[in-house]
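Read through the structure below, which is laid out as structure tokens, and then see the notes.
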Amino acid sequence: MSAGAFPSGAQYDIAAGGYEATVVEVGGGLRELRFQGRPVLDGYVASEMCHGARGQPLIPWPNRLDHGRYRFDGHDQQVALTEPERSNAIHGFTRWANWHPVEQAADRVTMGHRLHGQPGWTHVLDLTIDYHLAADGLTVTVTATNVGATAAPYGNGAHPYLTVGADRIDSCQLHLPVDVHIVVDERGIPTGREKVAGTQLDFRSPRPLGGLAIDDAFTGLQRDSDGRARVSLIGPAGTQASLWMDEAYPWVEVFTGDHLPRPDKRRTGLGVEPMSCPPNAFVSGKDLIRLEPRQSTSGTWGITARTK
């Protein structure tokens with residue numbers, strides 16, 4: 001099978017500092033990440049189509065959009081329902097689009113895509129995602145530039161699944177330093193918020209996941225002195241995978257994968273999804289970016305690993 005015949009398109013391999021990663025043409029996503037030969041991401045193999053949104057960028061909105069409807073600058077819009085069982089649109093427009101390499105080197109690749117207008121979206125964005133490996137891990141910088149004639153609503157996220165070598169995440173500890181949990185209805189649309197203190201979702205100090213099912217958004221991220229918030233999965237043998245987010249990402253979704261369509265992939269990795277805005281932001285306007293013509297915006301997140 002040639003590289004162009006893979007379901008996820010062309011494969012772009014990068015390496016540095018003991019890390020190795022593969023970025024793909026379809027969706028511009030991250031198919032795998034390894035550190036010292038050990039998987040850090042629960043990804044998918046080259047012969048598979050991406051499933052469970054593994055490693056995919058979520059642009060121009062992350063998470064769910066209620067009934068796929070929103071109003072922006074006085075115009076009502078309806079986008080395709082990509083989560084039809086819940087009557088929602090989910091994770092934006094670019095997950096299955098073809099991206100192309102803008103720059104390549106041994107330790108980095110920058111993927112680009114122009115998001116044109118389509119039903120429910122009348123704007124034009126130039127998008128780049130820069131993946132860079134170094135001794136301190138993976139750094140991902142997402143940039144959007146409005147090259148159209150009208151202001152555009154914008155948000156972004158990503159959907160990697162962390163792994164520390166355990167067959168299932170039940171035996172792992174989670175460190176999730178957040179203060180607030182978003183309450184949602186049965187369709188995953190926000191209805192309120194609550195403090196995590198005293199609830200089963202309080203992982204501000206590391207503790208075992210056990211069999212707890214999580215598919216929830218959080219905010220009130222506690223940040224270190226460098227301005228980054230960090231979410232960590234810690235294995236029984238002391239291995240660790242951590243995802244960090246800069247201040248462009250005040251939200252994070254955590255997903256244990258209990259209801260993924262493939263039973264063999266349930267709870268095999270922990271979805272940790274940096275998000276610039278919460279679910280349904282195109283409707284609520286919460287932390288939604290208004291991107292004016294010729295204006296750009298960027299956010300950076302990354303992943304680090306520890307073997308012991």
Side-chain angles (χ1 to χ4, degrees), residues 30 33 40-43 52-58 61-64 83 90-91 140 155-164 166 168-185 187-224 228-235 240-246 248-260 265-281 287 299 301-305:
L30 185 64
L33 176 66
V40 180
L41 289 187
D42 187 28
R54 291 174 186 273
Q56 291 182 321
L58 317 175
W61 77 85
N63 219 288
R64 293 172 173 86
E83 191 183 42
I90 191 167
H91 294 333
V140 182
N156 80 88
H159 209 302
Y161 290 75
L162 301 181
T163 182
V164 288
R168 290 171 61 86
I169 57 175
D170 304 51
S171 61
C172 300
Q173 294 187 69
L174 171 62
H175 184 205
L176 179 61
V178 299
D179 293 327
V180 177
H181 159 242
I182 305 307
V183 181
V184 298
D185 64 17
R187 295 175 43 250
I189 303 302
T191 60
R193 56 175 63 194
E194 65 180 13
K195 296 285 188 180
V196 300
T199 75
Q200 64 179 354
L201 295 173
D202 188 354
F203 289 89
R204 291 174 296 171
S205 295
R207 65 180 179 87
L209 267 166
L212 181 65
I214 307 174
D215 187 5
D216 296 86
F218 301 86
T219 192
L221 281 64
Q222 300 171 11
R223 298 185 180 272
D224 297 332
R228 295 175 175 179
R230 291 173 168 84
V231 179
S232 298
L233 184 69
I234 305 161
Q240 181 171 309
S242 299
L243 186 144
W244 58 263
M245 299 154 275
D246 73 5
Y249 298 99
W251 302 82
V252 65
E253 178 93 4
V254 175
F255 178 44
T256 50
D258 294 77
H259 304 293
L260 288 170
K265 299 304 292 185
R266 294 172 185 169
R267 302 187 69 85
T268 59
L270 181 71
V272 180
E273 307 165 37
M275 304 190 301
S276 67
C277 55
N280 208 34
D287 286 336
W301 58 274
I303 296 174
T304 61

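What's counted below: heavy atoms across the whole structure, side chains too, no hydrogens, waters or symmetry copies. Model, not experiment: these values are computed from the prediction.
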Problem set entry | Met245/Val231 under side chain to side chain contact (heavy atoms under 4.5 Å, CB included): CA gap, chis, key distance, verdict | CA-CA 9 Å; Met245 299 154 275; Val231 179; 4.0 Å; yes
Please name the pair of heavy atoms, one in [X] and one in [Y], separated by the smallest distance, quoted to 0.1 Å.
{"X": "Gly188", "Y": "Pro279", "result": "O-CB, 4.3 Å"}
{"X": "Pro278", "Y": "Asp287", "result": "CD-CB, 4.3 Å"}
{"X": "Val180", "Y": "Val196", "result": "C-CG1, 4.0 Å"}

Please list, chain by chain and in numerical order, all residues satisfying side chain to side chain donor-acceptor pair (under 3.5 Å) with [X], sequence neighbours excluded.
{"X": "Asn63", "answer": "Glu253"}
{"X": "Tyr249", "answer": "Asn156"}
{"X": "Thr268", "answer": "Asp42"}
{"X": "Arg266", "answer": "none"}

Test salt bridge (Lys or Arg N to Asp or Glu O under 4.0 Å) applied to [X] - qualifying residues, sequence neighbours left out:
{"X": "Asp185", "result": "none"}
{"X": "Arg267", "result": "Asp170, Asp258"}
{"X": "Arg187", "result": "Asp66"}

Exercise. Is there a side chain to side chain contact (heavy atoms under 4.5 Å, CB included) between Leu270 and Cys172 once you walk through the steps?
Worked result: CA-CA 10 Å; Leu270 181 71; Cys172 300; over 6 Å; no
Exercise. Looking at residues at least two apart in the chain, or sitting in another chain, which of them share a ring pair (Phe, Tyr, Trp, His ring centres under 6.0 Å) with Trp251?
Worked result: none
Name all residues meeting the side-chain contact (heavy atoms from CB on, under 4.5 Å) criterion together with [X]; count only those two or more places apart in sequence or in a different chain, and write none if there are none.
{"X": "Arg228", "value": "Asp226, Arg230, Trp244"}
{"X": "Pro208", "value": "Gln173"}
{"X": "Ala305", "value": "Tyr19, Phe35, Arg38, Val40"}

Exercise. What distance separates Ile169 CD1 from Leu162 CG, expressed to the nearest 0.5 Å?
Worked result: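 Separation between the atoms: 10.0 Å.
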For this session: Output, in order, the C-alpha distance, side-chain angles, deciding distance and verdict of side chain to side chain contact (heavy atoms under 4.5 Å, CB included) for Arg193 and Thr219.
Result: CA-CA 9 Å; Arg193 56 175 63 194; Thr219 192; 4.1 Å; yes
Exercise. Okay, side chain of Tyr161, backbone of Gly52: is any donor-acceptor separation there less than 3.5 Å?
Worked result: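 Between the backbone of Gly52 and the side chain of Tyr161 there is a qualifying donor-acceptor contact (under 3.5 Å).
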Exercise. For Ile214, does its backbone N or O pair with a side-chain atom of Thr256 as donor and acceptor, under 3.5 Å?
Worked result: yes
Exercise. What's the verdict on side chain to side chain contact (heavy atoms under 4.5 Å, CB included) for His159 and His91, showing C-alpha distance, side-chain angles and the deciding distance?
Worked result: CA-CA 9 Å; His159 209 302; His91 294 333; 3.6 Å; yes
Problem set entry | Selection residues 194-207 - residue pairs positive for side-chain hydrogen bond (donor to acceptor under 3.5 Å, both in side chains), sequence neighbours left out | His181-Glu194, Asp202-Arg204
